[in-house]
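Here is the structure we will look at, set down as structure tokens.
Remember, predicted model here, so these are calculated numbers, not experimental data. Just so you know, ligand 1 is whichever comes first in the structure, and atom 1 is the first atom listed for that ligand.
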Amino acid sequence: MSERSLVPFDTAIERYDPVLGLEVHVELNTATKMFCGCPTEFGADPNTQVCPVCLGLPGALPVVNAKAVEAAVRIGLALNCSIAERCRFARKNYFYPDMPKNFQTSQYDEPIAFDGFVDVEVEGTDGQPVTVRIEIERAHMEEDTGKSLHVGGSTGRIQGADHSLLDYNRAGIPLIEIVTKTIEVEPALAPLVARAYVAQLRELMVALDVSDARMDQGSLRADVNLSLKPTGSTTLGTRSETKNVNSFRSVERAVRYEVTRHAALLDAGERVVQETRHFHESDGTTSAGREKSDADDYRYFPEPDLAPVAPDPAWVEELRGTLPEAPELRRRRLQGEWGFSDLEMRDTLGAGALDLVAATIDAGVAPQSARKWWLGELARRANDTGTDLAALPITPAQVANVQALIDAGRINDKLARQVFDGVLAGEGTAEEVVAARGLEVVSDDGALGDAVDRAIEANPDVAQKIRDGKLQAAGALIGAVMKEMRGQADAGRVRELILERLG
Ligand code: ADP
Ligand code: MG
Ligand code: ZN
């Protein structure tokens with residue numbers, strides 16, 4: 001379909017109601033894999049973290065990782081799910097080179113957790129907060145696949161590649177897949193709800209300490225299912241499934257794009273194909289992947305090599321006691337402690353900045369300053385590079401270091417931007433960047449006094465006004481000094497010097 005024929009989002013939702021379904025895969029941070037003792041560390045040399053079990057060699061026998069079951073139960077409880085008293089693993093049969101066993105050990109009709117919900121908050125079309133309840137169908141345990149690397153093409157995709165390499169280090173890493181029921185919300189809010197849900201799941205996983213939940217590294221991945229139905233209809237349309245969307249912003253964009261694409265197909269009387277799709281960060285579009293099997297094609301059957309998992313109810317209750325404060329309660333508490341307005345809090349959440357702001361405040365920064373940096377300067381840079389804030393190469397502690405330099409009067413807000421440039425470019429700590437780039441504010445009276453004298457000489461009218469008692473006019477002279485000193489003058493001291501000379 002050509003770009004031209006896409007129906008704008010706002011037009012599409014006048015005729016169609018979007019229906020969403022979100023599948024989120026969370027890679028657990030257990031030390032070892034789901035069914036063997038191989039380590040799970042990210043970034044090791046290819047195929048160095050493998051054994052007969054995760055390579056699927058004949059005769060190898062899997063064993064369930066108890067820590068992964070514990071994490072699954074805690075995630076289930078945090079999602080307000082019921083926990084199965086007994087559940088089994090199942091084989092999901094399909095061939096793909098990154099899956100050496102030719103089946104994925106997963107759960108099918110007996111997930112460990114089911115029937116839960118999470119409440120997310122978004123900004124309604126009238127600017128007021130709207131709370132939307134997302135129903136969770138199930139959260140189940142499974143294992144990750146390996147990774148293919150397609151070499152020689154221009155896109156990194158299999159099409160046009162000369163050959164492909166396979167790395168099985170990731171094969172067998174524990175995953176929890178969290179699947180929602182179909183979600184129907186006010187059409188205009190669908191993209192925001194999808195984004196807010198994924199952002200909230202990430203927050204929850206971090207709070208539970210069960211995963212790094214790094215979307216940029218693939219330890220939290222979202223598949224976005226979307227279909228349209230004519231406004232008011234109760235019959236579901238055919239869905240597309242946009243796979244492995246890897247930032248909050250992309251989740252929102254993927255929903256938006258698929259609405260415009262589906263609407264164009266339906267308007268033209270064409271059929272939506274049930275298929276997986278790839279999302280393209282560069283232009284926010286999707287393209288066709290593979291046609292999607294129905295569950296029957298996977299020939300699921302119970303895994304014969306693994307005993308059923310039967311979490312003891314007393315243990316489940318014990319784990320309930322280890323849950324972190326519920327995100328809604330935590331948000332209310334933090335908002336009160338920080339004195340943020342509803343709008344400030346919502347923007348902070350929407351930017352996926354809550355934990356970053358919290359950590360920055362914990363590192364000693366005033367709440368409004370922490371918010372200002374993450375939602376202003378740093379959000380702009382994340383946006384420019386198309387990443388999430390959490391993926392920027394700067395930590396809350398480093399932001400706190402920049403603020404400490406401001407508080408000490410050694411740099412000002414304007415210079416701080418250049419310090420952020422340096423820290424983000426890997427030039428070292430805030431302190432090192434200030435030294436290397438010569439960014440320190442000049443408060444030495446000799447240098448400042450000379451610049452003040454020159455400014456007075458160049459602006460005699462302004463100087464006269466100040467002599468006549470119009471002290472506001474000093475701003476123009478301060479500006480002139482700042483300009484000459486490339487923003488590096490101590491503005492307070494400059495003002496004092498001007499008034500000393502003209503007062
Ligand atoms: P699959 O393994 O085929 O992806 P899942 O059950 O794991 O199936 O996930 C399907 C997801 O898509 C669920 O979140 C479900 O609510 C959602 N879904 C199912 N049918 C539709 C539809 N017609 N439109 C939008 N979402 C749908
Ligand atoms: Mg799925
Ligand atoms: Zn292994």
Test applied, salt bridge (charged side-chain N to carboxylate O under 4.0 Å, His left out); reference residue, Glu325; option that passes from Arg330, Arg333, Arg331:
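It is Arg333, the one option of Arg330, Arg333, Arg331 that forms the salt bridge (charged side-chain N to carboxylate O under 4.0 Å, His left out) with Glu325.
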Short list, please: which atoms of ligand 1 are under 4.0 Å from a heavy atom of Lys181?
16 (O)
Sub-3.5 Å donor-acceptor pair from the side chain of Gln200 to the main-chain atoms of Asp119, do we have one?
yes
When you look for heavy atoms under 4.0 Å from ligand 1, do you find them on the side chain of [X], its backbone, both, or neither?
X	result
Glu177	side chain
Arg138	side chain
Leu22	backbone
Leu236	side chain

How far apart are the C-alpha atoms of Val50 and Asn169, what are their side-chain angles, what is the distance that settles it, and do they pass the side chain to side chain contact (heavy atoms under 4.5 Å, CB included) test?
CA-CA 6 Å; Val50 292; Asn169 284 352; 4.1 Å; yes
Are any of the N/O atoms on [X], whether in the backbone or the side chain, positioned under 3.5 angstrom from an N/O atom of ligand 1?
X	value
Glu241	yes
Lys92	no
Gly237	yes

Only one of Glu23, Met141, Gln107 clears side-chain contact (heavy atoms from CB on, under 4.5 Å) with Glu177; which?
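Testing Glu177 for a side-chain contact (heavy atoms from CB on, under 4.5 Å) against Glu23, Met141, Gln107 leaves exactly one candidate, Glu23.
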